[in-house]
Engineer: 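Sharing a structure here in structure tokens format.
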Amino acid sequence: MVTEKICELCEGKTLWMNPASEKLFAEQKESGKVTLQAAADFLEQAGEGEYCFVENTGLQAVEAKIEKIIVFWWNRHYPSDRKFDLDLSKWNKVSEGEFAGYSHEKITKEVYEK
């Protein structure tokens with residue numbers, strides 16, 4: 001459900017990501033619903049108005065370039081070796097909503113802008 005929502009958000013624009021994440025979007029790529037670009041330096045290559053799917057990369061180095069942050073939260077805590085490295089208190093939360101996923105009964109989507 002989350003990958004479908006992400007592709008809907010892209011509205012026909014390019015979705016950049018790390019090559020390791022590309023397999024998560026295989027179904028959407030096959031359907032032609034989204035243009036995917038995978039590159040090790042995807043955060044640097046993404047242009048104005050384009051989207052990036054970030055799951056295993058820090059964002060501090062490119063924070064000035066970020067136009068909007070869309071965060072999907074699960075209603076569970078998982079062990080992790082990586083944490084979100086931006087201070088969202090410096091951003092304005094402009095919307096929040098919930099939806100049910102396939103493996104999680106509650107997923108929260110938050111949108112932040114500068």
Side-chain angles (χ1 to χ4, degrees):
M1 288 295 293
V2 173
T3 57
E4 289 176 21
K5 294 272 186 200
I6 291 170
C7 291
E8 288 172 13
L9 290 168
C10 292
E11 302 173 26
K13 296 186 179 181
T14 300
L15 176 60
W16 288 88
M17 65 191 62
N18 184 298
S21 301
E22 195 171 13
K23 64 184 174 282
L24 297 173
F25 293 88
E27 186 176 315
Q28 287 81 12
K29 186 176 182 177
E30 283 182 25
S31 71
K33 292 180 182 177
V34 65
T35 300
L36 299 180
Q37 289 291 330
D41 62 344
F42 70 102
L43 292 172
E44 290 79 20
Q45 287 198 40
E48 188 175 327
E50 295 182 321
Y51 289 82
C52 293
F53 176 75
V54 180
E55 65 173 336
N56 58 0
T57 305
L59 294 171
Q60 283 184 343
V62 295
E63 184 172 11
K65 185 178 175 180
I66 299 172
E67 301 167 42
K68 181 188 302 184
I69 298 172
I70 304 169
V71 181
F72 291 91
W73 303 95
W74 279 249
N75 62 337
R76 297 184 196 139
H77 291 281
Y78 292 101
S80 64
D81 58 351
R82 205 173 255 291
K83 304 291 183 202
F84 190 74
D85 66 344
L86 296 183
D87 180 1
L88 289 176
S89 69
K90 296 178 182 179
W91 291 73
N92 300 312
K93 186 191 296 187
V94 295
S95 69
E96 181 177 338
E98 295 179 352
F99 61 95
Y102 293 122
S103 60
H104 296 79
E105 60 192 49
K106 181 176 130 180
I107 299 170
T108 301
K109 176 187 140 196
E110 296 177 344
V111 180
Y112 295 84
E113 293 179 348
K114 291 183 179 177

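Heavy-atom basis, side chains included; hydrogens, waters and symmetry copies ignored. Worth saying up front: this structure is predicted, and the values here are computed from it rather than measured.
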Engineer: Using the test salt bridge (charged side-chain N to carboxylate O under 4.0 Å, His left out), find all partners of E4 that sit at least two apart in sequence or belong to another chain.
Structural biologist: none
Engineer: Roughly how far, to the nearest 0.5 Å, is the CD atom of Q45 from the SG atom of C52?
Structural biologist: 10.0 Å
Engineer: Supply the atom-to-atom distance L43 CG to T57 OG1, rounded to the nearest 0.5 angstrom.
Structural biologist: 6.0 Å
Engineer: Using residues 66-73 as the side-chain source, report each donor-acceptor pair under 3.5 Å to any protein atom, sequence neighbours left out, with the distance given to one decimal.
Structural biologist:
from: E67; atom 1: OE2; to: G49; atom 2: N; distance (Å): 2.9
from: W73; atom 1: NE1; to: E110; atom 2: OE1; distance (Å): 2.8

Engineer: Is there a side-chain contact between K90 and Y112 in this structure, where contact means two heavy atoms from C-beta onward sitting under 4.5 Å apart?
Structural biologist: no
Engineer: Are W74 and T108 close enough that some pair of their side-chain heavy atoms sits under 4.5 Å apart?
Structural biologist: no
Engineer: Mind checking the CD-NZ spacing from E96 to K109? Nearest 0.5 Å is all I need.
Structural biologist: 11.0 Å
Engineer: Less than 4.5 Å apart, side chain to side chain, heavy atoms only: is that true for V62 and E44?
Structural biologist: yes
Engineer: Examine L24 and V54 and state if one hydrophobic cluster contains both, with Ile, Leu, Val, Met, Phe, Trp and Tyr joined whenever side-chain heavy atoms are less than 4.5 Å apart.
Structural biologist: no
Engineer: Should L86 and V111 be regarded as members of a common hydrophobic cluster, given that ILVMFWY residues are connected when their side-chain heavy atoms come within less than 4.5 Å of each other, either directly or indirectly?
Structural biologist: no
Engineer: Is it true that K106 and E98 make a salt bridge, defined as a side-chain N closer than 4.0 Å to a carboxylate O?
Structural biologist: yes
Engineer: Quick check: are there more than 12 heavy atoms from other residues, nucleotides or ligands sitting under 6.0 Å from NZ of K65?
Structural biologist: yes
Engineer: Could you tell me whether a side-chain N or O of D85 sits under 3.5 Å from a main-chain N or O of G58, the two making a donor and an acceptor?
Structural biologist: no
Engineer: Ignoring hydrogens, what is the shortest heavy-atom contact between E50 and G47? Give both atom names and the distance.
Structural biologist: OE1-N, 2.6 Å
Engineer: Please check this pair: side chain of K114 against backbone of N92, looking for a donor-acceptor N/O pair closer than 3.5 Å.
Structural biologist: no
Engineer: Distance only, no hydrogens: is a donor on one side chain within 3.5 Å (strictly under) of an acceptor on the other, for E55 and S21?
Structural biologist: yes
Engineer: What is the minimum heavy-atom distance between P19 and A38, and which atoms define it?
Structural biologist: CA-CB, 3.8 Å
Engineer: OG1 of T3 to CD of E8: how many Å apart, nearest 0.5 Å?
Structural biologist: 10.0 Å
Engineer: Using a cut-off of 6.0 Å, state whether more than 12 heavy atoms not belonging to E27 lie near its atom CD.
Structural biologist: no
Engineer: Is the closest side-chain heavy-atom distance between T35 and L15 below 4.5 Å?
Structural biologist: no
Engineer: Listing request: all ring-ring contact (aromatic ring centres under 6.0 Å, His included) pairs with a residue in residues 10-54, at least two apart in sequence or in separate chains.
Structural biologist: F25-F53
Engineer: Given side chains that start at C-beta, do those of E22 and M17 come closer than 4.5 Å, heavy atoms only?
Structural biologist: yes
